[in-house]
There are 2 protein chains.
Amino acid sequence: MSPAAVPVGLPTVTSPGKVPVTIRAMESSSAASGGSTRREATRQKLYEAAVTLIAEQGFSATTVDEIAERAGVAKGTVYYNFASKSVLFEELLRHGVGLLTASLREAAERTAREGGSKVDALDAMIRAGLVFIDRYPAFTQLYVAELWRTNRAWQSTLMVVRQQAVAVVEDVLREGVGNGEFSEEIDVPLTAAALVGMVLVAALDWQSFQPERSLDDVHAALSRLLQGRVSGCR
Amino acid sequence: MSPAAVPVGLPTVTSPGKVPVTIRAMESSSAASGGSTRREATRQKLYEAAVTLIAEQGFSATTVDEIAERAGVAKGTVYYNFASKSVLFEELLRHGVGLLTASLREAAERTAREGGSKVDALDAMIRAGLVFIDRYPAFTQLYVAELWRTNRAWQSTLMVVRQQAVAVVEDVLREGVGNGEFSEEIDVPLTAAALVGMVLVAALDWQSFQPERSLDDVHAALSRLLQGRVSGCR
DNA sequence: GTTTTTGCACTGACCAGTCAGTTCAAATTT
DNA sequence: AAATTTGAACTGACTGGTCAGTGCAAAAAC
């Protein structure tokens with residue numbers, strides 16, 4: 001009876017073998033000196049457990065007991081590592097978006113280094129976005145589900161985090177306009193939002209409803225749309 | 001302290017003056033003869049209350065007591081009209097998406113009647129989508145937030161309802177391909193999803209973060225993107 | 001035309017179950 | 001020895017759903 005439609009999960013950030021850096025800059029706790037590795041590993045396990053459960057069921061429907069169980073730790077450990085369920089969730093958000101923006105920025109810089117145009121940069125960022133969503137589908141689901149909600153405790157965290165991500169796209173658009181490569185009439189914030197939405201929704205749809213398609217297929221379709229090769233140019 | 005960011009609410013379906021049709025075809029109850037007006041009015045009130053609350057807080061975080069209170073009815077009335085909280089939600093989904101698809105289809109047919117091209121049809125549908133989201137922001141929030149979740153009771157309802165909406169866009173794309181107006185190489189389902197996402201996310205971002213912009217601004221930005229007038233054509 | 005009956009729509013107190021968060025002594029790891 | 005984890009018991013608030021009962025307008029009976 002269980003449909004089991006979407007592949008979810010925010011797998012370990014690190015490669016299977018080592019335990020290392022896990023993307024530092026999770027300012028939350030241990031600021032300067034890296035906190036004990038053991039604690040960090042536990043927190044990582046809790047992130048992974050929480051992200052899939054919350055993506056599937058939503059924040060409120062997910063219990064702390066479930067998170068602890070899936071992470072394979074005791075409930076007390078959750079509260080030893082995080083002040084509350086909400087705080088766990090907020091830190092999870094920051095963690096994930098940190099990964100995403102780093103990836104996007106890296107893609108943009110790489111094309112710049114290789115002398116690519118701004119369209120190339122956007123294209124590379126689209127791909128980077130797709131790779132991210134492919135790797136962390138659960139996080140993406142959860143992010144989209146929460147982003148436009150209001151009256152929630154972590155509202156402010158969410159806005160900060162959103163701005164971080166969108167800003168990367170906006171920057172490239174602005175550079176392209178300054179460049180002469182893009183029309184001066186484009187509306188940078190709106191266009192950035194539209195591009196993000198295009199990637200986000202296409203990717204989630206891909207994961208949920210046509211998982212057999214390859215990342216390249218999706219990328220090609222979005223690329224075409226970006227470059228106006230759907231409706232001919234006039 | 002209260003940010004009060006997003007304007008929400010799924011206002012009455014009918015114009016202020018009369019009480020009438022409320023968009024028939026809400027197959028739920030009274031099939032043939034219109035059921036009692038009173039009951040229908042109560043259900044409508046419950047829809048309105050539920051849609052804003054669930055958009056703000058999510059399904060699980062919204063209590064039946066809250067819904068009843070905001071609708072100005074007793075809790076028992078909710079259960080007199082709907083079998084359960086989930087059923088109320090499912091019928092709300094069907095109701096809303098029914099409105100959306102009707103609006104999209106109407107826009108497509110109108111351009112066809114007026115001898116417009118398929119790009120014109122897509123453009124008209126973008127506008128229709130924006131108008132819808134502008135009118136029912138809360139419903140849109142809620143739809144996006146729930147669409148890609150898994151393991152939920154209303155999973156199947158959601159898929160049906162999604163397919164209805166996307167199909168309208170896919171149809172126009174396919175006609176455009178058959179037409180010769182669009183490249184034969186476009187991937188219809190993926191492109192449709194991307195277009196929907198473009199509109200959805202741009203509109204929600206507009207509502208949430210730049211509510212001062214006009215619908216025309218947003219429409220213009222999306223139109224430009226659709227027609228590839230952002231990055232020049234080659 | 002008046003009285004009585006019917007049954008739909010609605011009410012709100014109530015219940016059984018659930019969950020976030022707490023506490024803490026003992027075990028384990030470093 | 002210090003830091004971290006365990007695991008189970010407990011609390012107090014909250015929630016979905018129930019149900020006996022109310023109000024009332026139209027139908028039926030007189």
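In what follows, every chain begins at residue 1, and chains take the letters A, B, ... in the order their sequences are listed.
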Base, sugar-phosphate alone, or nothing: which one does A/Thr63 contact when heavy atoms must sit under 4.0 Å apart? sugar-phosphate
With heavy atoms under 4.0 Å as the rule, sort B/Thr62 into base, sugar-phosphate or nothing. sugar-phosphate
Measure [atom1]/[X] against [atom2]/[N] and give the value in whole Å, please.
X: A/Glu69; N: D/dT6; atom1: CD; atom2: C1'; value: 15 Å
X: B/Glu40; N: C/dC8; atom1: CD; atom2: C1'; value: 15 Å
X: B/Arg39; N: D/dA25; atom1: CZ; atom2: P; value: 19 Å
X: A/Tyr79; N: D/dT6; atom1: OH; atom2: P; value: 15 Å
X: A/Leu46; N: D/dT6; atom1: CG; atom2: C1'; value: 13 Å
X: B/Glu66; N: D/dT15; atom1: CD; atom2: P; value: 7 Å
X: B/Leu88; N: D/dG16; atom1: CG; atom2: P; value: 11 Å
X: A/Ile67; N: C/dG21; atom1: CD1; atom2: C1'; value: 13 Å

Would you kindly compare A/Ala61 and A/Gly76 by the position of their nearest DNA chain C nucleotide and give the one closer to the 5′ end? A/Ala61
Look at the side chain of B/Lys75 against the base of D/dG17 and say whether a donor-acceptor pair falls under 3.5 Å; ignore hydrogens and angles. yes
Nearest to the side chain of [X] - [options]?
X: A/Thr42; options: D/dT5, C/dG21, C/dC10; value: D/dT5
X: A/Tyr80; options: D/dG17, D/dT4, D/dT6; value: D/dT4
X: B/Ser84; options: D/dT5, D/dG7, D/dG17; value: D/dG17
X: B/Thr77; options: C/dG21, D/dG7, C/dT11; value: C/dT11
X: B/Lys85; options: C/dG12, C/dA9, D/dG16; value: D/dG16

Does a donor on one side chain and an acceptor on the other come within less than 3.5 Å for A/Thr150 and B/Glu56? no
Roughly how far, to the nearest 0.5 Å, is [atom2] of [Y] from [atom1] of [X]?
X: A/Glu212; Y: A/Asp217; atom1: CD; atom2: CG; value: 9.5 Å
X: A/Glu170; Y: A/Leu195; atom1: CD; atom2: CG; value: 10.5 Å
X: B/Asn81; Y: B/Tyr47; atom1: CG; atom2: OH; value: 9.0 Å

So, OP1 or OP2 of C/dA9: does either fall under 4.0 Å of a side-chain N or O from B/Asn81? no
Determine whether B/Thr52 and B/Arg70 satisfy the following criterion, side chain to side chain donor-acceptor pair (under 3.5 Å), listing intermediate values before the conclusion. CA-CA 10 Å; B/Thr52 55; B/Arg70 183 169 298 193; 2.9 Å; yes
